[in-house]
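The block underneath contains the structure these notes are about, expressed in structure tokens.
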Amino acid sequence: MNAERGALREVAREFTRREVAPYLQGWEDAGEVPRDLHRAAAKQGLLGISFPVEVGGGGGDLLDSIAVMEGMFSEGASSGLMAALFTSGIALPHLAASGDADLVDRFVRPTLAGELIGSLAVTEPGGGSDVAGIRTAAVREGDAYVVDGTKTFITSGARADFVTTAVRTGGPGPAGVSLLVVEKGTPGFTVDRSLPKTGWHCSDTAELGYAGVRVPVRNLVGAEHSGFAQIAQHFVVERIALAVHGYGIAARSLALTATYCRERETFGRPLLANQVVRHRLVEMRRQVEVARAYVHEVARRHVAGEDVIAEACLAKQTAAECAAYVCDAAVQLHGGTGYLHGTEVERHHRDARILPIGGGATEVLTDLAARLMGYTP
Ligand SMILES: Cc1cc2nc3c(=O)[nH]c(=O)nc-3n(C[C@H](O)[C@H](O)[C@H](O)COP(=O)(O)OP(=O)(O)OC[C@H]3O[C@@H](n4cnc5c(N)ncnc54)[C@H](O)[C@@H]3O)c2cc1C
């Protein structure tokens, strides 16, 4: 890691110690993070990292984002916290890349300044894995699209000021999908339910309703019918980011557990005095190191311009499995304390469960990788 990235990681660590760690349990209990946190992260220069300066970002690339994420996880930020605070990372890339100055000025700049919150709505109650099969309809009427449908499992959906929504403007399949920005307060657009979850408690997750919502044509992102290609393109970074969540919470859980095993005594000696405990910690470390190294490698190749769609799928799976193992082992080694609500390793253990599902279930991503790698009949 170069010096600049090291400094960025340090800023992220300090920000987390000051602005996040002391309040996180309160936000978990409240079910959302406050808007002020978005403003504070923007002021600190964290929210805009890897977005071009021309659209209001802070410049840099995915490797800089990873430095920020690693810094935050190392000080106790949770996967849910990162999902909530950085929902901009999935809501904005399509708008920023479309090059439309109006969309950039109305949505990208204010979001990266921490003034607006955006969401990305692709998944529908009928199924999330089959993105090309979405049904939410957008029918052109004059200078607007009329949108009807339902989206579910939408991160930051209850708090969002605008939602980048995948809609069907054309025929069946991927060629009929477009992206439209739907703004809060537009008649017919509703937050129908907030969805309680196993983990990610501080990240609000919502079901959204669209009933005859008139969305101006100027809110179309990129060309009509280009939505599927845009979603697929930006999924790569989302999957690498979720992979960072995986080894990030695993590394933090390991650090907490190593300290605990040094301090906690059973049978008159520290847990660390047991070889089986030491070996468990080494195995946890091995999995973290492997996941981190592989995810870094895939991210580096992405930044270098290589096509890593398949590798991003494998990176996410590798890191999700690392998190599943390590976070579970962390709870085990904390004993009863590890099972208590409010113990940090317990939060990471619950949060880890979403990683093989969100952003594409492992089975679906494995199938995608199989096709891209030519393992087809
Ligand atoms: C907390 C949370 C936050 C989320 N945030 C967002 C968001 O911000 N925006 C958004 O659009 N979506 C979001 N999602 C949705 C997420 O991306 C979907 O849950 C995911 O894509 C899986 O879709 P599904 O839940 O409909 O599962 P389904 O598609 O119904 O699949 C169910 C299960 O079946 C298996 N499966 C499915 N297809 C296959 C296959 N072809 N072969 C083998 N096995 C298969 C997998 O195990 C899969 O988990 C979020 C979900 C959660 C839980």
Side-chain angles (χ1 to χ4, degrees), residues 28 31-33 78-94 111 117-136 149-168 177-182 191-210 221 227-228 230-232 234-239 241-243 245-246 249 312-313 316-317 320-321 323-324 347-348 350-371 375-376:
E28 288 275 291
E32 61 180 39
V33 300
S78 64
S79 176
L81 181 280
M82 301 297 273
L85 180 57
F86 292 103
T87 316
S88 47
I90 57 172
L92 294 184
H94 327 78
T111 305
I117 292 172
S119 286
L120 173 69
V122 177
T123 306
E124 300 180 350
S129 297
D130 183 10
V131 173
I134 60 143
R135 292 187 189 153
T136 296
T150 308
K151 296 290 180 180
T152 194
F153 304 145
I154 306 309
T155 298
S156 297
R159 296 183 308 146
D161 300 296
F162 66 93
V163 178
T164 306
T165 306
V167 292
R168 184 157 301 285
V177 177
S178 298
L179 286 176
L180 274 183
V181 181
V182 181
V191 176
D192 291 344
R193 275 197 305 157
S194 277
L195 304 168
K197 307 176 293 300
T198 301
W200 276 22
H201 286 176
C202 68
S203 173
D204 82 88
T205 306
E207 186 168 298
L208 306 174
Y210 303 74
V221 185
F228 185 84
Q230 293 187 62
I231 293 166
H234 295 294
F235 260 151
V236 171
V237 167
E238 178 180 354
R239 287 168 186 158
L242 287 170
H245 284 216
I249 60 172
C313 297
K316 178 168 167 294
Q317 180 184 353
E321 289 176 358
R347 179 187 305 141
H348 295 314
R350 284 185 288 100
D351 281 6
R353 193 61 190 87
I354 185 59
L355 298 176
I357 300 173
T362 297
E363 297 90 333
V364 174
L365 298 192
T366 303
D367 215 40
L368 172 59
R371 266 180 281 136
Y375 301 134
T376 45

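None of the values given here were measured: they were computed from a predicted structure. Counting starts at 1 for both ligands and their atoms, following the listed order.
In this structure, atom 50 (C) of ligand 1 has protein heavy atoms in its sub-4.0 angstrom surroundings. Protein non-hydrogen atoms do not reach within 4.0 Å of atom 30 (O) of ligand 1. Under the 4.0 angstrom criterion, atom 34 (O) of ligand 1 counts as lacking any protein heavy-atom contact.
For atom 37 (C) of ligand 1, the closest heavy atom belonging to the protein is S129 OG, 3.7 Å. Atom 38 (N) of ligand 1 has as its closest protein heavy atom V364 CG2, 3.4 Å. From the protein, the heavy atom lying nearest to atom 8 (O) of ligand 1 is T155 N, 3.0 Å. The single protein non-hydrogen atom nearest to atom 52 (C) of ligand 1 is I354 CD1, 3.6 Å, given as residue, atom name and distance. Shortest contact from atom 26 (O) of ligand 1 to any protein heavy atom: G128 N, 2.6 Å. Here the protein heavy atom with the shortest distance to atom 4 (C) of ligand 1 is F153 O, 2.9 Å. Protein heavy atom in closest approach to atom 10 (C) of ligand 1: T123 OG1, 3.3 Å. Atom 45 (C) of ligand 1 has as its closest protein heavy atom E363 CB, 4.0 Å.
Between the S156 side chain and the R159 main chain, no donor and acceptor come within less than 3.5 Å of each other. Panel note: side chain R239, backbone C313; no donor-acceptor pair is recorded below 3.5 Å. With hydrogens and angles ignored, the 3.5 Å screen pairs a side-chain donor or acceptor of K316 with a backbone N or O of G360.
W200 and H245 have tilted rings, their planes meeting at an angle from 30° to 60° on a 0 to 90° scale.
Residue contact check: G359 has heavy atoms under 4.0 Å from atoms 17 (O) of ligand 1. Listed by atom number, the atoms of ligand 1 under 4.0 Å from W200 heavy atoms are 1 (C), 3 (C). Using a 4.0 Å cut-off to heavy atoms of A361, the atoms of ligand 1 that qualify are 46 (C), 48 (C), 49 (O). Set against the non-hydrogen atoms of I90, the atoms of ligand 1 under 4.0 Å away are 8 (O).
Residues E363 and S129 fail the side-chain proximity criterion, which asks for heavy atoms closer than 4.5 Å. Using a 4.5 Å heavy-atom threshold, the side chains of L242 and E238 count as touching. Under the 4.5 Å side-chain criterion, counting only non-hydrogen atoms from C-beta, S79 is in contact with L355.
Screening D192, L208, L195, T205 for a side-chain contact (heavy atoms from CB on, under 4.5 Å) with T152, the sole residue that qualifies is L195. Partner of Y210 under the side-chain contact (heavy atoms from CB on, under 4.5 Å) criterion, out of T150, L180, V167, V182: V182 alone. Of the options I154, T155, D204, a side-chain contact (heavy atoms from CB on, under 4.5 Å) to T87 is made by T155 and by none of the others.
Distances from atom 9 (N) of ligand 1 to the heavy atoms of I357, V131, L120 show the closest one on L120.
Ligand 1 is approached by G127 to a heavy-atom distance shorter than 4.0 Å.
Inclusion of K197 in the set of residues having an N or O under 3.5 Å from an N or O of ligand 1 is not warranted.
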N/O donor to acceptor pairs below 3.5 angstrom from side-chain atoms of residues 120-127, sequence neighbours left out:
| unit_1 | atom_1 | unit_2 | atom_2 | d |
| --- | --- | --- | --- | --- |
| E124 | OE1 | R135 | N | 2.7 |
| E124 | OE2 | R135 | N | 3.1 |
| E124 | OE2 | T136 | N | 2.9 |
| E124 | OE2 | T136 | OG1 | 2.7 |
| E124 | OE2 | K151 | NZ | 2.9 |

